[in-house]
Asker: 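Okay, here's the structure, questions in a sec.
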Amino acid sequence: MCAGEVRAISRAITAIENHQPEAEELLRLLFPKTGKAYLTGVTGAPGTGKSTLVDRLAAHHRKHGEHVGVIAVDPTSPYSGGAILGDRIRMQGHAGDAGMFIRSMATRGFLGGLARATAEVALLFDAAGKQQVLIETVGVGQDEIDIVRLADCVLVVLVPGMGDDIQNMKAGLMEIGDIFVLNKADREGADRLEQQLDAMLSLVMPRDGWHPPVIRTVGTENKGIAVLAETIAKFRKHFEASGERERKHVEHWKMRLVELIESRLLERVLGGPGGEAKLAELAAAVAARKKDPFTAVNEILGRSGLGG
Ligand SMILES: Nc1nc2c(ncn2[C@@H]2O[C@H](COP(=O)(O)OP(=O)(O)O)[C@@H](O)[C@H]2O)c(=O)[nH]1
Ligand SMILES: [Mg+2]
């Protein structure tokens, strides 16, 4: 793993995805070797060009001698092909490059949450010497917001033509963006979108002295990628210099520890044999008003010795 061996990384990720007990032991052993990778989250609506940008950013980092790990989280079922296959094909330009590792993760049933699995894969990449970790998620749900909150720097990708939707844009997305990427700047309406974005961002309070900038890119033509990478580096420096980084990391681990406690408890309560069946049975009883939800929860907790 630490030598960055591709097969070892693959196997470790599979262990995490399948929630194998060895995964935790592995992460425990690897943890002291982590803390060096820089995590960039890339989020935005489907089709805005996130995969294209991640691909170009990855190539940029590789050109500068940095090792890259990519995690593509996509809500599309792996069986439907679609986006995941598309990502794989597009990123095939890097095939055979040992300094680059790409993994698509499905959003299907991760006990303990997708955000946790993503965070653990990011830790693996970190231990495997990937200085840059890029995480692509579709900015639709809470799950995805949780994922990008793991990142050191969050890019929110927007494209012209969605200008009128910008008012309806999730406030959450607006708040988590450290850098706004105006991709498909080759398209009509780029100026208008930039104006709208600027107007909107002028209302957002700068966080720790950082005003989120808007960077124009044309992913397909590799335009603006160098500026984008420089802006990410600038953001990184800004935080390292201000001492905010420490505080942010403590906040980050607070959230992660809560998540771990949650998933550990969930596993203990529902993970055992018959756990899911018991949950379904009690849910049916509550829905039919045969039982109140508080009694039901006490019953479930009692099963695992956690009842009050
Ligand atoms: N015109 C134009 N098309 C782009 C640009 N960036 C990406 N695309 C295209 O937009 C489509 C969706 O891109 P993709 O990276 O898969 O978007 P994702 O769903 O956000 O990951 C693809 O056909 C890309 O080739 C751009 O800057 N300009
Ligand atoms: Mg994509």
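First listed ligand is number 1; within each ligand, the first listed atom is number 1.
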Asker: Short list, please: which atoms of ligand 1 are under 4.0 Å from a heavy atom of Val218?
Answerer: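 The list of qualifying atoms is 26 (C), 27 (O), 28 (N).
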Asker: Compute the shortest N/O to N/O distance between Pro46 and ligand 1 and return yes if it is under 3.5 Å, no if not.
Answerer: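 For ligand 1, there is no N or O atom that lies under 3.5 Å from one belonging to Pro46.
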Asker: With sequence neighbours left out, what residues match Glu22 under side-chain hydrogen bond (donor to acceptor under 3.5 Å, both in side chains)?
Answerer: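 Per chain and number, Glu22 pairs via side-chain hydrogen bond (donor to acceptor under 3.5 Å, both in side chains) with no residue.
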Asker: Going by heavy-atom distance to atom 11 (C) of ligand 1, choose the closest among Lys223, Lys184, Glu136, Lys50.
Answerer: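 Considering heavy atoms of Lys223, Lys184, Glu136, Lys50, the nearest to atom 11 (C) of ligand 1 sits in Lys184.
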Asker: Any Lys/Arg nitrogen of Glu240 or Lys237 sitting under 4.0 Å from an Asp/Glu carboxylate oxygen of the other?
Answerer: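 Here Glu240 does not pair with Lys237 in a salt bridge, since their nearest N and O are not under 4.0 Å apart.
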Asker: Restricting to N, O or S atoms of Glu136, which is nearest to the Mg ion (ligand 2)?
Answerer: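 Atom name of the closest N, O or S in Glu136: OE2.
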Asker: Any atom of ligand 1 sitting under 4.0 Å from a heavy atom of Gly47?
Answerer: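 Gly47: in contact with ligand 1 (<4.0 Å).
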Asker: Could you tell me, atom by atom, which parts of ligand 1 come under 4.0 Å of a heavy atom of Asp186?
Answerer: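 Counting atoms of ligand 1 from 1, those under 4.0 Å from Asp186 are 1 (N), 2 (C), 26 (C), 27 (O), 28 (N).
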Asker: How about Ser51: does one of its N, O or S atoms come closer than 2.8 Å to the Mg ion (ligand 2)?
Answerer: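 Checking the Mg ion (ligand 2) against Ser51, an N, O or S atom does fall under 2.8 Å.
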Asker: Report the residues that fulfil ring-ring contact (aromatic ring centres under 6.0 Å, His included) with His64, sequence neighbours left out, ordered by chain and then residue number.
Answerer: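 ring-ring contact (aromatic ring centres under 6.0 Å, His included) check on His64 returns His60.
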Asker: Heavy-atom count check: over 12 atoms from other residues, nucleotides or ligands less than 6.0 Å from Lys223 NZ?
Answerer: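 No.
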Asker: Checking the N or O distance criterion of under 3.5 Å, is ligand 1 in contact with Gly49?
Answerer: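 For ligand 1, there is an N or O atom that lies under 3.5 Å from one belonging to Gly49.
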Asker: Taking atom CG of Leu155 and atom OG1 of Thr43, what is their separation to the nearest 0.5 Å?
Answerer: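 Here the interatomic distance stands at 9.5 Å.
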Asker: Give, for atom CG of Leu26 and atom CD1 of Ile16, the distance between the pair rounded to the nearest 0.5 Å.
Answerer: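 So the CG of Leu26 and the CD1 of Ile16 are separated by 7.0 Å.
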